[in-house]
Amino acid sequence: MKERIKIIEGDITKQEVDAIVNAANTSLLGGGGVDGAIHRTAGPELLEETRKIGGCPTGEARVSKGYLLPAKWVIHTVGPVWAGGHKNEENLLAGCYRNSLKAAAELGVKSIAFPSISTGAYRFPLNRATEIAMTETRKFLGTNENPEKVIFVCFGEKVLKTYQQVFQRIF
Ligand code: AR6
């Protein structure tokens with residue numbers, strides 16, 4: 001299964017994959033961080049579509065087209081805001097990965113790229129978030145043929161190093 005996972009440092013908006021995952025907020029109307037970058041690159045039609053979708057609860061995922069992105073699809077998921085760890089944050093974050101992978105499988109997506117959901121503006125501790133990302137991905141790939149490939153796109157060296165270390169432990 002190891003060979004189905006790739007960890008890279010880079011910008012998710014440039015990934016030539018079938019689907020990229022957006023770390024959105026419940027409004028799905030855009031924001032800063034990776035969400036802002038995805039909306040800027042995809043162009044205004046993305047906002048038109050996400051406006052019609054009408055929001056997404058924390059831990060769930062919604063699908064839109066990719067418009068001007070190289071990726072055909074954007075899977076919008078909403079991570080939890082870290083509030084100390086007693087507000088179900090871990091389960092909600094696990095749900096983001098599970099539901100995004102499930103949406104990808106339903107679309108027949110072969111390759112999907114994830115950012116580090118919730119670890120920016122939402123302040124989820126990076127180590128724990130990375131463990132959740134990898135554990136959920138391993139579980140899903142163990143029982144599903146698609147997506148064939150999962151790429152974790154790390155923004156900056158600190159995120160990259162963390163992903164590489166956790167990968168060694170979990171896979
Ligand atoms: N490619 C890949 N990763 C990126 C990129 C990029 N272009 N830009 C930032 N990151 P964040 P969150 C990384 O804050 O914590 C937004 O305003 C970033 O360095 O984007 O889930 C939404 O609208 C970090 O490692 O998402 C929500 O309101 C990771 O992506 C809120 O922020 C996540 O950081 C969501 O907060």
Side-chain angles (χ1 to χ4, degrees), residues 5-44 46-51 53-64 66-85 87-101 103-104 111-134 136-137 149-167:
I5 312 269
K6 210 169 133 190
I7 296 167
I8 62 160
E9 187 177 356
D11 178 346
I12 204 164
T13 64
K14 298 199 161 62
Q15 301 307 310
E16 308 219 345
V17 287
D18 297 332
I20 63 171
V21 176
N22 182 17
N25 58 61
T26 54
S27 78
L28 297 188
L29 297 179
V34 70
D35 193 7
I38 287 172
H39 274 272
R40 271 195 304 280
T41 311
L46 177 60
L47 182 59
E48 264 177 54
E49 185 176 353
T50 56
R51 209 187 286 286
I53 296 171
C56 176
T58 304
E60 294 189 18
R62 299 289 183 269
V63 172
S64 77
Y67 299 98
L68 302 178
L69 288 158
K72 182 173 182 200
W73 305 104
V74 179
I75 298 171
H76 305 264
T77 190
V78 182
V81 177
W82 181 257
K87 291 253 157 77
N88 204 29
E89 294 99 320
E90 298 203 338
N91 286 326
L92 289 166
L93 186 62
C96 290
Y97 286 93
R98 252 193 330 265
N99 290 319
S100 297
L101 288 164
S111 55
I112 184 171
F114 277 98
S116 176
I117 300 162
S118 274
T119 66
Y122 284 178
R123 302 181 316 272
F124 202 110
L126 179 60
N127 246 301
R128 188 66 195 116
T130 308
E131 285 171 357
I132 291 167
M134 302 258 172
E136 290 306 320
T137 301
K149 205 152 202 105
V150 175
I151 301 159
F152 291 111
V153 181
C154 303
F155 205 64
E157 203 174 333
K158 186 183 166 214
V159 181
L160 179 70
K161 288 260 141 64
T162 304
Y163 269 73
Q164 286 169 337
Q165 281 165 9
V166 173
F167 179 78

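Everything numeric in this text was worked out from a predicted model, so none of it was measured. Count residues from 1 along the sequence. Counting starts at 1 for both ligands and their atoms, following the listed order.
No side-chain donor-acceptor contact under 3.5 Å links T162 to the backbone of N127. A donor-acceptor pair under 3.5 Å links the side-chain atoms of N99 to the main chain of G59, judged by distance alone. Judged by distance alone, the side chain of T50 and the main-chain N or O of L47 form a donor-acceptor pair under 3.5 Å. E89 contributes a side-chain N or O that, together with a main-chain N or O of G85, makes up a donor-acceptor pair within less than 3.5 Å. Without hydrogens or angle criteria, T77 side chain to E60 main chain gives a donor-acceptor distance under 3.5 Å. Between the side chain of D18 and the main chain of A71, no donor-acceptor pair closer than 3.5 Å is present.
Under a 4.0 Å heavy-atom criterion, T13 is not in contact with ligand 1. At least one heavy atom of S118 sits less than 4.0 Å from an atom of ligand 1.
The protein atom (non-hydrogen) at minimum distance from atom 32 (O) of ligand 1 is A121 CB, 3.7 Å. Distance from atom 17 (O) of ligand 1 to its nearest protein heavy atom, with residue and atom name: G32 N, 2.7 Å. Here the protein heavy atom with the shortest distance to atom 33 (C) of ligand 1 is S116 O, 3.2 Å. Closest to atom 25 (O) of ligand 1 among all protein heavy atoms lies T119 OG1, 3.5 Å. Protein heavy atom nearest atom 7 (N) of ligand 1, with residue, atom name and distance: D11 OD1, 2.9 Å. Looking only at protein heavy atoms, the nearest one to atom 26 (O) of ligand 1 is A23 CB, 3.8 Å. Scanning all protein heavy atoms for the shortest distance to atom 30 (O) of ligand 1 gives V34 CB, 4.0 Å.
Of the N or O atoms in G120, one or more lie within a sub-3.5 Å distance of an N or O in ligand 1. At least one N or O atom of D35 sits closer than 3.5 Å to an N or O atom of ligand 1. The shortest N/O to N/O separation between A37 and ligand 1 does not fall below 3.5 Å. Residue V159 has no N or O atom closer than 3.5 Å to an N or O atom of ligand 1. Remark: ligand 1 and N25 share an N or O pair separated by less than 3.5 Å (distance only, no angle test). An N or O contact shorter than 3.5 Å is missing between I117 and ligand 1 by distance.
W82 is listed as a side-chain neighbour of P125, based on a closest heavy-atom distance under 4.5 Å. For the pair E131/R128, a side-chain contact is recorded, criterion being any heavy-atom separation below 4.5 Å from C-beta on.
Every atom of ligand 1 is numbered from 1 in the order shown, and the set under 4.0 Å from a heavy atom of G31 is 17 (O), 23 (O).
Looking at F124, F155, Y122 and measuring to atom 19 (O) of ligand 1, the nearest heavy atom belongs to F155.
Checking each of T13, I12, I38, D35 against P115 for a side-chain contact (heavy atoms from CB on, under 4.5 Å) leaves exactly one that passes, namely I12.
Nearest heavy-atom pair across I117 and G79 is CG2-CA, 3.8 Å.
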